[in-house]
S.K.: 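Take this structure, written in structure tokens, and hold onto it; I'll ask about it next.
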There are 2 protein chains.
Amino acid sequence: MLTSDVSETTGHRASEGNGMSQIQRPGALYRQVAAAIRDAIATGEYPPGTLLPSETQLIERYGVSRPTVRNAVAALRTEGLIDVVHGKGSYVRGAPTPALTIERTVSHDNGGTFTLDGGAGWQQPEKPHAYRTTTTMATGPLLGLEEGEALFGVDRLLIDPTTGTRALHQTLIPFATAEGTELADHPDTEPAAIYALFTEAGHTLHWTETVRARMPLPDERTTLHLHDATPLLETTRVTHGSGDQPLILETLRTSADRTQLTYRIAPEQPRNLSAIR
Amino acid sequence: MLTSDVSETTGHRASEGNGMSQIQRPGALYRQVAAAIRDAIATGEYPPGTLLPSETQLIERYGVSRPTVRNAVAALRTEGLIDVVHGKGSYVRGAPTPALTIERTVSHDNGGTFTLDGGAGWQQPEKPHAYRTTTTMATGPLLGLEEGEALFGVDRLLIDPTTGTRALHQTLIPFATAEGTELADHPDTEPAAIYALFTEAGHTLHWTETVRARMPLPDERTTLHLHDATPLLETTRVTHGSGDQPLILETLRTSADRTQLTYRIAPEQPRNLSAIR
DNA sequence: ACTCATCACTCGTCAGTACGAGTGACGTCA
DNA sequence: TGACGTCACTCGTACTGACGAGTGATGAGT
């Protein structure tokens, strides 16, 4: 039995011509079913890990057809509320507690070394894949190059052994920065070693990281073992040398429901400061 | 006509008992249709902004039924590749170019002030909503409190006037930090002013930001005007005072396809450093 | 010239039916 | 006791048919 009294939200504020729309019309039957299940989950009637009623049971319970039930379940699935497993049923997904925290605190230890990618002791189950590419519309500007410049590329699959979290790491090295270094012959050098290389060459490095999120492509879904309705956290790190010129570009892609990034922000000289926004 | 030769991937590597699964079986008809359209988009046959063939046309072209076509389209939709508009058709979505870059560079200007939330001149179209809550399982540890401690809460809807990007901002202030300050009477003070308040009280502030991404809840979808298959970027910022004790907790939720966060990382004293990972 | 009803097109929703495919338990058989 | 086939349950896929609802152009009417 559904909520027979569906309050028709007629007077929705006029859309400001965004061209995107997709308003929530609760009138649809499957939306009512979805809302009912969603509420039941939120209420605690179905705690995380619980098996939801089967499709046939939902059909009987709400008196609707199977397409309607499946539509409702599909909605909850794209919201990331449930995990549907073929021969078994629909499991309520727990709160997406990130198992892996990637800390980006710049901290010194006794030897003068410091760490990025804090904590996570990545392992590489496969050999890194080295190749050659050119800058694209997206990567060019970040490296301060035109579109179509030659690059070394290295792809790695990283796995955090304690949590099993997977990550995709890409390193892009312009020919200009590899020139004259051992990178020209060994572009698949570990990022840590690359940094050391440049600091020993007299560079003072700093980094610019931009964090974005998006839905994964099908192949990213499979290689990263992503659940349904799980976004991708994409971190792009540009390493700058002395004089601010970009040296290399790294991209780290991880599962958003297993990973979070932490940054520690502090003013360099804590002197008189007044307004922040 | 579809690719009649479907290579059956029978011997898939045994799942490592993750309990999640969902393997890509290309055998399904609608997957083949989806793949065909996806390739056509990738090839450039349907550039961004283009209208895809209508359902009826796709039915004829691939010789399948309408549910199959709709299933294929739904797949592309959850991948974020297309935007489907009711009476019009399916538009190819362009590359998700973030219009808004929130910079988290800690930079000083002449007056000794510095900015977080760089650039974005947020506006508040509505009055902030102040209320009272208690710490939850998620918020408690961040503030160094037990679960169930009393909090002031303030919710704001922010809009970036130049791009129209929306954001949801939440401020949580423990009673302990509000005590003795004007925050007890005016918890809806602007974060900037709150920071100033504590610095003038002699605190040296620093911040810890953690970035996560997840799919939006239905109400977040509507209030943030989110497209289909668009994740939410959730930034949680804890303000620490002198002595590292957490003072307030802020959460900023924005559309992931219109927003990116940029952090600038530099070692404090650029002396001898060797290894990074 | 302007207004507005109509129509053809689009996607959205819902029903019913059928069969394939994965999972796990149960029971038979060696 | 152990191996294995069967069966009942789950969701996945695909088809048919029908109607509702949003959009835009066309054309009749004023």
Side-chain angles (χ1 to χ4, degrees), chain A residues 2 6 8-10 12 14-15 17-35 37 50-78 82-92 228, chain B residues 2 6 8-12 14-15 17-35 37 50-78 82-92 227-228:
Chain A
L2 291 174
V6 177
E8 197 64 44
T9 60
T10 1
H12 195 282
S15 66
N18 198 348
M20 168 261 314
S21 75
Q22 218 70 15
I23 336 159
Q24 297 292 57
R25 293 192 310 93
L29 238 189
Y30 80 94
R31 285 186 194 276
Q32 299 182 34
V33 176
I37 303 176
T50 314
L51 210 49
L52 239 51
S54 76
E55 292 181 355
T56 353
Q57 289 170 336
L58 291 175
I59 290 170
E60 292 169 2
R61 157 123 42 137
Y62 295 107
V64 296
S65 71
R66 189 158 174 239
T68 303
V69 165
R70 282 189 61 78
N71 216 339
V73 171
L76 299 177
R77 203 211 275 237
T78 65
I82 59 176
D83 272 321
V84 183
V85 187
H86 192 133
K88 307 182 70 175
S90 305
Y91 293 92
V92 178
D228 266 349
Chain B
L2 293 173
V6 176
E8 197 63 44
T9 59
T10 0
H12 194 282
S15 67
N18 198 347
M20 168 261 314
S21 75
Q22 218 68 14
I23 339 156
Q24 296 293 56
R25 293 192 309 94
L29 238 189
Y30 80 93
R31 286 186 194 276
Q32 299 181 32
V33 175
I37 302 175
T50 312
L51 210 49
L52 239 50
S54 76
E55 291 182 355
T56 351
Q57 290 170 334
L58 291 175
I59 290 171
E60 293 169 0
R61 159 128 36 143
Y62 296 107
V64 294
S65 71
R66 190 161 172 234
T68 303
V69 164
R70 281 189 63 79
N71 215 339
V73 170
L76 299 176
R77 203 210 274 237
T78 65
I82 60 176
D83 272 321
V84 183
V85 186
H86 191 135
K88 307 182 69 174
S90 305
Y91 293 91
V92 179
H227 300 236
D228 267 349

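From a predicted model like this one, the values you see are computed outputs, not experimental measurements. Side chains are part of it too, since the values below use all heavy atoms of this structure and drop only hydrogens, waters and symmetry mates. Labels below follow one simple rule: chain letters A, B, ... track the order of the sequence lines, proteins then strands, and each chain is numbered from 1.
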S.K.: Think Thr56(A) has a side-chain N or O under 4.0 angstrom from the OP1 or OP2 of dT10(D)?
M.R.: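 So the side-chain polar atoms of Thr56(A) do come within 4.0 Å of the phosphate oxygens OP1 or OP2 of dT10(D), strictly under.
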S.K.: Would you say a side-chain N or O of Arg70(B) is under 4.0 Å from OP1 or OP2 of dC14(C)?
M.R.: no
S.K.: Looking at every heavy atom in both Ala34(A) and Ala72(A), which two are closest together, and how far apart are they?
M.R.: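 Looks like N-CB, 3.7 Å.
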S.K.: Between Leu51(A) (CG) and dC9(D) (P), how many Å, whole number?
M.R.: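 Roughly 15 Å, once rounded to whole Å.
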S.K.: Could you state the interatomic distance from CD1 (Ile37(A)) to CD1 (Ile82(A)), rounded to the nearest 0.5 Å?
M.R.: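 Separation between the atoms: 7.0 Å.
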S.K.: I want to check something: taking the side chain as every heavy atom from C-beta on, are Val73(A) and Leu58(A) in contact at a cut-off of under 4.5 Å?
M.R.: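 Val73(A) vs Leu58(A): side chains touch.
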S.K.: Would you say Lys88(A) places a side-chain N or O within less than 4.0 Å of OP1 or OP2 belonging to dC9(D)?
M.R.: no
S.K.: Taking CD from Glu60(B) and C1' from dC9(C), how many angstroms apart are they, rounded to a whole number?
M.R.: 13 Å
S.K.: Identify the heavy atoms of Ser90(B) and Val84(B) that sit nearest to each other, and give their distance.
M.R.: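 Nearest pair, atom of Ser90(B) first, then Val84(B): OG-CG2, 3.6 Å.
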S.K.: Heavy atoms, side chains only, cut-off 4.5 Å: are Val69(B) and Tyr62(B) in contact?
M.R.: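 No, side chains not in contact.
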S.K.: Kindly compute the distance separating CZ (Arg61(A)) from OG (Ser54(A)), expressed to the nearest 0.5 Å.
M.R.: 10.0 Å
S.K.: Is there any protein nitrogen or oxygen under 3.5 Å from a nitrogen or oxygen in nucleotides 15-19 of chain D, and what are the pairs?
M.R.:
from    : atom 1 : to       : atom 2 : distance (Å)
dC15(D) : OP2    : Ser65(B) : N      : 3.0
dC15(D) : OP2    : Ser65(B) : OG     : 2.7
dC15(D) : OP2    : Thr68(B) : OG1    : 2.4
dC15(D) : O5'    : Ser65(B) : OG     : 3.3
dA18(D) : N6     : Arg66(B) : NH1    : 3.2

S.K.: Atom NE2 of His86(A) to atom C1' of dC11(D): distance rounded to whole Å?
M.R.: 5 Å
S.K.: Return the value, rounded to whole Å, for the distance between atom CD of Glu55(A) and atom P of dC14(C).
M.R.: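 Spelled out: CD on Glu55(A) to P on dC14(C) is 16 Å.
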S.K.: In whole Å, I'd like the distance from the CZ atom of Arg31(A) to the P atom of dG12(C).
M.R.: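 Rounded to the whole Å, the gap is 10 Å.
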S.K.: Does some side-chain heavy atom of Tyr91(B) sit less than 4.5 Å from a side-chain heavy atom of Leu51(B)?
M.R.: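 Yes - at least one pair of side-chain heavy atoms lies under 4.5 Å apart.
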S.K.: Figure out the CG/C1' separation between Leu58(B) and dT10(C), and round it to whole Å.
M.R.: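 So the CG-C1' distance, Leu58(B) to dT10(C), works out to 12 Å.
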S.K.: Whole Å only: how far is the CD atom of Gln57(A) from the C1' atom of dC11(D)?
M.R.: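 To the nearest whole Å, that distance equals 13 Å.
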S.K.: Please report, rounded to the nearest Å, how far the P atom of dT13(C) is from the CD atom of Gln32(A).
M.R.: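 Taking atom P of dT13(C) as the reference, CD of Gln32(A) is at 12 Å.
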